[in-house]
Amino acid sequence: MQPATQETSRAVMAAAQTAEAPTKTSGFITCSVTATTVQAFIDEIQEVAKSGVDIIELRLDFLKDFDTERDLKMIMASCPLPYIVTYRPKWEGGNYEGPEPPRLATLKYAALCGAPYVDVEFKAAALFFAGQGEVPIQCKVILSSHNFQKTPPAAELHQLAKDMHAAGADIVKIATMANDIADSAAVLSLLQSPVAPTIALAMGEKGQIVRLLAAKYGGYLTFAALSPDKASAPGQPTVATLKALYNYQNQGPRTKVYGIIGNPVSHSKSPLIHNTAFQHIGHDGVYVPLLVDDLPRFLDAFAGHPDFQGFSVTIPHKEAALKAAKQVDPVAAKIGAVNTLIRQPDGSFKGYNTDWCAAIDAIERQLSSSGTSSSGSGSSGSSPLAGKTFLVLGAGGAGRALAFGAADRGAKVLITNRSRERAEQLAASLPGSSVVAWEDVQAGKVKADVLANSTSLGMAPKDNESPVPAATINNYGLVFDAVYTPVWTQLLLDAKAGGCQVVDGLQMFVGQAVLQFQHFTGKQAPTELMQSTLVNALGLKK
């Protein structure tokens, strides 16, 4: 596009070419070539082309020995895919530190030589268009604006997009730094109400969802890297991750969005587990990591995004999720923590806690499969935990979930913790439970039908540790360990050697994800696939 006087002639020419336009008009994946020598640059072009991207960005400013007359046509000719010629100056986050006239002349020359796209900084647009030669209609001009400090309010972003379009942009590109995930909502709004084909990017981990969901919202393209070490901007996913894990090329306006809310979340395997399961059953949904500092602020920012259908919630937001839920599952309310939020038809959320269900269900299955009957006086249809003594090690969030879950199924709950005060606080909130001394457990003075460890003792790399001495293991009939790295903790190895029934933490982790999946989709979860996916991702031996 050209500003003012040249715009009309280009519009007429564009209309004549409409029949030749590709059917796909958005959702492209682009990868930047950033090698520093011309030969390495050309080699990297071929590598990028084989990765399955749609468009290649040629970052000429990374070249140390670039000469326009000698190298540009050769580089352009080596591209087997559509490409963007970018020559980013230092003042806009690039590497070029020379004078402006030759830089802009290079971009104009690229356009005249047949480049499908050239990326020109909005601040330099007037000088670019004023330079010698009219940009051919075949070349789309991307006017770009980068803010590496912050994300301005949505109203300012929309005005900027209008100004860029008026200045001659065929495609508007706005990239900002996301200092809070709420900034991502402002950037996504550019795609919800575009003035022209738009590339919207929120840099940093708190803005990553804009990159991952751009196709759903109709973004013209998003950037991805060949590998994490080759990312050309903060927050870029890899091409393989974007295509396979986030099913980017199959996203559309009807795609439902789910995610894990937490801080941190980059380590989470939940996107892998849920997206694999979504794709397996053909559910049109995508599950993304959501690095959230303030849960109410996040929910408020995305209130106008009804396709955000449900969330997993992890540390440190489980109590805040309870407060955010208009309706809460009764046991979750007693536990005082929610790990699942499901959007209701009126836009509010209902909260669940699938942690306790997953752990208690796994323990019950093991008791039932072994033929263990209740030691209490419950009916024939009661839980196999009814009347049993259930010792919980640890009084944190997981311990609280186990304690309330076991009590809900009729067990007599004992609580122990290295800090007795925390154990007493938990017992005070759970009628019928009692506290036993940590030292008594270690000395073998406490017996229980079930021992459930919710502490981190025995987790890799300290996997030779155990929360109870091996000599005391025969005090328990069944041993459960919430730790799943390794699956076979020292506690479980000791328990198996001592003849106890065992339930590993992998069953709890997968079980809570299975229950969340069913809340998300209303469909039966592919449990075995979800478990094998996690086992393979963690390199575990089941």
Side-chain angles (χ1 to χ4, degrees), residues 269 355-370 372 384-385 388-406 409 411-420 422-423 426 433 435-512 531 534-535 538-542:
K269 299 301 179 186
D355 288 331
W356 80 267
C357 297
I360 298 300
D361 287 353
I363 292 169
E364 287 182 326
R365 285 194 301 270
Q366 182 59 43
L367 290 172
S368 296
S369 68
S370 68
T372 304
L385 279 172
K388 291 196 178 296
T389 305
F390 193 102
L391 174 60
V392 179
L393 302 182
R400 190 176 181 87
L402 285 164
F404 275 90
R409 300 294 169 86
K412 178 184 178 182
V413 177
L414 306 177
I415 303 164
T416 188
N417 192 67
R418 282 174 289 190
S419 166
R420 186 180 179 92
R422 291 199 67 185
L426 174 53
S433 65
V435 174
V436 295
W438 181 267
E439 294 77 14
D440 288 347
V441 172
Q442 302 303 304
K445 297 179 181 179
V446 179
K447 294 185 178 182
D449 297 304
V450 177
L451 169 69
N453 176 44
S454 71
T455 75
S456 60
L457 289 169
M459 182 182 294
K462 297 181 179 180
D463 47 9
N464 61 334
E465 295 183 353
S466 175
V468 299
T472 69
I473 205 69
N474 289 328
N475 286 353
Y476 315 105
L478 181 147
V479 175
F480 165 79
D481 198 340
V483 173
Y484 62 88
T485 51
V487 176
W488 282 101
T489 61
Q490 189 62 51
L491 173 62
L492 294 186
L493 290 171
D494 292 342
K496 185 178 181 182
C500 303
Q501 299 177 68
V502 296
V503 178
D504 61 69
L506 197 66
Q507 294 183 55
M508 177 181 175
F509 185 87
V510 174
Q512 61 84 25
Q531 178 167 299
L534 178 63
V535 168
L538 296 176
L540 301 175
K541 293 182 179 180
K542 182 72 173 80

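- In this structure, D449 contributes its side chain and G477 its backbone to no donor-acceptor pair below 3.5 Å.
- Put simply, CE on M508 and CZ on F480 are 5.5 Å apart, with the number rounded to the nearest 0.5 Å.
- A donor-acceptor contact shorter than 3.5 Å links the side chain of T416 to the backbone of W438.
- Nearest approach of I473 to A495, heavy atoms of both residues: CG1-CA, 3.6 Å.
- The shortest heavy-atom contact between Q531 and V510 is CA-CG2, 3.9 Å.
- Contacts of D481 classified as salt bridge (charged side-chain N to carboxylate O under 4.0 Å, His left out), with partners at least two apart in sequence or in another chain: none.
- Side-chain atoms of S454 come within 3.5 Å of backbone atoms of L393 as a donor-acceptor pair (strictly under, hydrogens ignored).
- Between the side chain of S368 and the backbone N or O of R365, no donor-acceptor pair lies under 3.5 Å.
- Applying the salt bridge (charged side-chain N to carboxylate O under 4.0 Å, His left out) test to R418 and every residue at least two apart in sequence or in another chain returns nothing.
- Checking side-chain atoms of D440 against main-chain N and O of A443 turns up no donor-acceptor pair under 3.5 Å.
- In this view, D494 satisfies the salt bridge (charged side-chain N to carboxylate O under 4.0 Å, His left out) rule with no residue, not counting sequence neighbours.
- The two residues V441 and Y476 make their nearest non-hydrogen contact at CG1-OH, 3.8 Å.
- Counting all heavy atoms, side chain and backbone alike, A423 lies closest to N417 at CB-CB, 3.8 Å.
- Heavy atoms only, all atoms of each residue included: A401 and W356 are closest at O-CB, 3.2 Å.
- Heavy-atom minimum distance, L402 versus A359: CD2-CB, 3.5 Å.
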